[in-house]
> 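My structure is below; once you've seen it, I'll send some questions.
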Amino acid sequence: MGFRVGVLISGEGTNLQAILDTVHGREGIEVVCVGSSKAGAPGLGRAERAGVDTAVYARSAHADRDARDAALGNWLQDHSVDLVVLAGFMEVLGGSFIQRFGGRIVNVHPSLLPAFPGLRAIEQAIEYGVRVMGVTVHFVEEGVDSGPVILQESFEPGATDDIESQVHEIEHRLLPRAVRLIAAGGVSIDPAEPRRLRVAE
Ligand code: GAR
């Protein structure tokens, strides 16, 4: 059956596109569904063009967040996903969703966590004036942009650089790489040190 991936988005979906272009249909990995928290998110069109099943799970269409999370979780489970990838999914998922897919949810975030979690991470880092910026891919636990780190990559922004595109260029390599690693069984947790993942490429 291969390794089945569900991707959740809220917007553009350039990270989704990177996964579709470099991971989907290779090494036994299949993107089987793409869910969006926003109707009309451009990323939905990217999924449709790749022939991947899509659905919208807007918070406003459900009684509360838990109800939305439960419906979204059922949909992902119906697709028998092995991994849930948050690729610009800009909403917090509740504890029951996290537990339901325990250890099988990854997120990409445009900063070197634990610095600058939450919204506008790139702007936060620029405003702070940091000399080193970067990207984190991590397993998701409860809390905003928190959980054990799988991969990180840093860079030193120059004064005249287009920082956003540098961040996105890293994301588009790092997130697919993390998905490939997990699918190949290259990421494991040492129960004695659960935050320090073993990553073997
Ligand atoms: C990406 O930069 C991703 O790291 C960020 O949203 C963007 C989505 O872009 N995610 C977060 O900030 C999560 N806290 P995309 O829709 O083009 O992939």
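As the structure lists them, so they are numbered: ligands from 1, and atoms in each ligand from 1.
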> If a pair satisfies side chain to side chain donor-acceptor pair (under 3.5 Å) and one of its residues is in residues 178-187, list it, with sequence neighbours excluded.
none
> With sequence neighbours left out, which residue pairs that include part of residues 120-144 fulfil the ring pair (Phe, Tyr, Trp, His ring centres under 6.0 Å) condition?
F116-Y128
> Do any pairs count as a side chain to side chain donor-acceptor pair (under 3.5 Å) and have a residue in residues 57-71, sequence neighbours left out, and if so which ones?
R68-E91
> Run the side chain to side chain contact (heavy atoms under 4.5 Å, CB included) check on N107 and F89 step by step: do they pass?
CA-CA 8 Å; N107 179 43; F89 186 74; 5.9 Å; no
> Ligand 1: which residues have a non-hydrogen atom closer than 4.0 Å?
E12, G13, T14, N15, G88, M90, V108, H109, P110, G118, D145, H168, E171
> Would you say that more than 12 heavy atoms from the other residues, nucleotides or ligands in this model lie under 6.0 Å from the CD of E156, or not?
no
> Between H172 and H168, what is the ring plane arrangement, given parallel below 30°, perpendicular above 60°, and tilted in between?
parallel
